[in-house]
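Letters A, B, ... mirror the listed sequences (proteins, then strands); counts begin at 1. Everything quoted here is computed from the prediction, not taken from an experiment.
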Amino acid sequence: MALLSSVRVRFAPSPTGELHIGGARTALFNYLFARAKKGTFILRIDDTDLERSRAEYTEALLDAMRWLGLEWDEGPYYQSRRLERYEDEAARLLKEGKAYRCFCTPEELTAGREQAHKDGKNYLYPGTCRDLTPEKIEEYCESGRDFVVRLRIPDEGSTVVRDLIRGEVRFNHRDLDDFIIMKSNGLPTYNFASVVDDAEMKITDVIRAEEHLSNTPRQQLCLEALGYEQPRYAHVPMILAPDRSKLSKRHGATSVEEFRSRGYLPEALINYMALLGWSPGEKEILPLSEMIPLFSLERVNKTAAIYDTTKLTWMNGQYLRAVPPERLAAEALPFYTAAGLVEPPLGGEEEEYYEKVVKAVSDRVKTLAEMADASTYFYREVDSYDEKGVRKHFRKEGSAALLRRAASLLHTLEPFDLDSVESGYRNLSKELGISAGRLIHPTRLAISGRTMGPGLFDIIVLLGREKTVSRLEKAALWIERQ
RNA sequence: GGCCCCAUAGUCUAGUGGUUAGGACGCCGCCCUCUCAAGGCGGUAGCGGGGGUUCAAGUCCCCCUGGGGCUACCA
């Protein structure tokens, strides 16, 4: 029983570009639905558009899916490898008179459309070839004229889409025309291929973006003509760019690959996307595994969402801080490499140092890219001092002398560890009758060039005696020369 | 243009006739503190407009407005 009712869903992207967060979110909802229902999640590549489909996009797509952790149970199936199926099904419809050959040229069609537009009228395919005589058809075929196959749509009546999220939506047949199911190049159109595959793959629930809602009556009509059962439909809200328009390249980071390269963690991206259109209830921060039992289409809303990187970034910070140090070091390595700070493979001491740097810096950043950026002075000499910091901490009377005192303290300090450095600093400030901050701030600026960062004593110990002392002296010199 | 969907703060959302309209990000302030984060506390800001229905409307109905989608030999 449970087996019979088991759900089968699919994510069916077309490999015409990178996977953007809209598509990824649709994939995620399909995945969550399948897992929550103990069903099957199928991946299908809808690559019937030869012009725009590219093999490298398919690879990138699979890569992105794997990176996100959205494991599929079946597939990937490729529509381009199933062309015979569509041909057979189209031939069947032709034979049964449910579809017909249309010999109109694209030019004729376009002219009709433009004319209608000029007259301010609606354009629907006028049905020119709808009732061609068998003789005429044969004549056209023999003369080698190109043709497409169109589905015959009833003139009267309507088709109702029962959507799990939106309720019943009615479409009048008079607003639909006999649309094309097979192009003149012999390839199926989306509406047709998709339906043939969904039927053959026994898809029980079609969960996809809202942009497909208007196409659903066409698909239902196809299914009906083909004599297959209807799946259930659920059209999830779209994800819009910050300017409310449809997602596109010019909106900065929109593809999964881009977020990845900007230093976002897959679990943060997943968590953030899940919250776009779905609400789990109490907790907002929750990993994929915890989302599964909570997921249901009833809690998916109808409103298009505008994605907002600010919240994603915050969430990434949350995840970053929860990641075990070893994994964090591994995830961050490509970013340190790209920034030219390290060159893997890292040796023993080098690796130890790297891990300490990561640990020191990770608490105060939100992305892996920021992490590398915040680490530069652990690998390079300081070549400039933060301007505001200079005004605040270097310009004061006696700053250079202060730095020299600190340098000489550290020069001989034993042992050179966190506790002794800190107490050494605190004692020195007491001795000089100044606040610890008066000593700490210029030191940070001197050894890191920055006014913010990890705890000063952590930096000092990590950097080591030699570098710290030399940077302090260098800064003192710099101040004196100003 | 036609058809369809949608409408709670800047953003993501809870809400299914009776709530001081709840949470999160952001922003502001305070606390903590060597800085910056993190964390804690507090604050800022919302039911697009107009008509109905009802004792009572963010919630139901209609209109308007706004946004989005489809209307391709794209998916």
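- The aromatic rings of A:Phe457 and A:Tyr425 sit perpendicular to each other, their planes meeting at more than 60°, with 30° as the lower class boundary.
- Distances from the side chain of A:Asp49 to the nucleotides B:rU35, B:rA75, B:rA24 place B:rA75 closest.
- In this structure, A:Ala305 reaches the sugar-phosphate backbone alone: every heavy-atom distance under 4.0 Å involves primed, P, OP1 or OP2 atoms, never a base.
- The phosphate of B:rC6 (OP1 or OP2) has a side-chain N or O of A:Lys302 nearer than 4.0 angstrom.
- At a threshold of 4.0 angstrom between heavy atoms, the contacts of A:Arg299 are confined to the sugar-phosphate backbone, with no base atom among them.
- A:Arg218 comes within 4.0 angstrom of the backbone, heavy atoms only, and of no base.
- In this structure, A:Phe171 reaches the sugar-phosphate backbone alone: every heavy-atom distance under 4.0 Å involves primed, P, OP1 or OP2 atoms, never a base.
- Here B:rA14 presents its P atom at 14 Å from CG of A:Leu294, a figure rounded to the nearest Å.
- Here B:rU71 presents its C1' atom at 15 Å from CG of A:Asp178, a figure rounded to the nearest Å.
- In this structure, the nucleotide among B:rA7, B:rC74, B:rA24 sitting nearest to the side chain of A:Arg52 is B:rC74.
- Taking atom CD of residue A:Gln219 and atom P of nucleotide B:rC4, one finds them 18 Å apart after rounding to whole Å.
- Between B:rC36 and B:rA45, the two P atoms lie 27 Å apart (nearest whole Å).
- Close to B:rA75, at under 4.0 Å from its OP1 or OP2, lies no side-chain N or O of A:Arg44.
- Heavy atoms of A:Arg170 sit under 4.0 angstrom from primed sugar atoms or phosphate atoms, though from no base atom.
- Using cut-offs of 30° and 60° on the angle between ring planes, the pair A:Phe259 and A:Tyr307 is perpendicular.
- Among the protein residues, A:Pro13 comes within range of no part of the nucleic acid, since none of its heavy atoms lies under 4.0 Å from any strand.
- A donor atom on one side chain and an acceptor atom on the other are not found under 3.5 Å apart for A:Tyr190 and A:Asn215.
- Of all the heavy atoms in A:Val382 and A:Ala446, the pair that sits closest is CG2-O, 4.1 Å.
- Distance A:Glu211 CD to B:rU71 C1': 14 Å, rounded to the nearest Å.
- Judged purely by distance below 3.5 Å, without hydrogens or angles, the side chains of A:Asn316 and A:Thr367 never pair a donor atom with an acceptor atom.
- Nucleic acid contact class of A:Arg444 (heavy atoms, under 4.0 Å, all strands): base.
- Of the side-chain N and O atoms in A:Lys183, one or more sit less than 4.0 angstrom from OP1 or OP2 of B:rC74.
- Distance A:Asp308 CG to B:rU13 P: 11 Å, rounded to the nearest Å.
- Backbone-only contact: A:Gly120 has heavy atoms under 4.0 Å from sugar-phosphate atoms and none from a base.
- For B:rC34, neither phosphate oxygen OP1 nor OP2 lies less than 4.0 angstrom from any side-chain nitrogen or oxygen of A:Thr443.
- For B:rG2, the OP1/OP2 oxygens have no side-chain nitrogen or oxygen of A:Arg174 closer than 4.0 Å.
- Across all strands shown, B:rU33 forms no Watson-Crick or G-U wobble pair with both distances under 3.5 Å.
- We find that A:Asp205 and A:Arg232 are joined by a salt bridge, their nearest charged nitrogen and carboxylate oxygen being less than 4.0 Å apart.
- Listed nucleotides: B:rC5, B:rA37, B:rC12. Nearest to the side chain of A:Val169: B:rC5.
- Across all strands shown, B:rA24 pairs with B:rU11; the Watson-Crick or G-U wobble distances both stay below 3.5 Å.
- Ring-plane geometry between A:Phe103 and A:Tyr140 is classed as tilted, the angle between the planes lying from 30 to 60 degrees on a 0 to 90 degree scale.
- Counting to the nearest Å, the P atom of B:rA72 and the CG atom of A:Leu50 are 22 Å from each other.
- Going from the C1' atom of B:rG49 to that of B:rG58 covers 14 Å, rounded to whole Å.
- If you check every strand for non-hydrogen atoms under 4.0 Å, A:Gln318 touches sugar and phosphate atoms only.
- Residue contacts for A:Ser279: at a heavy-atom cut-off of 4.0 Å it reaches the sugar-phosphate backbone alone, with no base atom in range.
- Across the protein-nucleic acid pair, A:His235 atom NE2 and B:rC3 atom P stand 20 Å apart, rounded to whole Å.
- Listed pair A:Asn301 / B:rU13 meets the phosphate criterion, a side-chain N or O lying under 4.0 Å from OP1 or OP2.
- As judged by a 4.0 angstrom heavy-atom cut-off over every strand, A:Ser194 is placed among residues making no nucleic acid contact.
- With C1' as the reference atom, B:rG15 and B:rC47 are 11 Å apart, rounded to whole Å.
- Among the protein residues, A:Arg166 comes within range of the sugar-phosphate backbone only, with heavy atoms under 4.0 Å from sugar or phosphate atoms but none that close to a base.
- For the pair A:Trp278 CH2 and B:rA24 P, the interatomic distance rounds to 18 Å; values are reported in whole Å.
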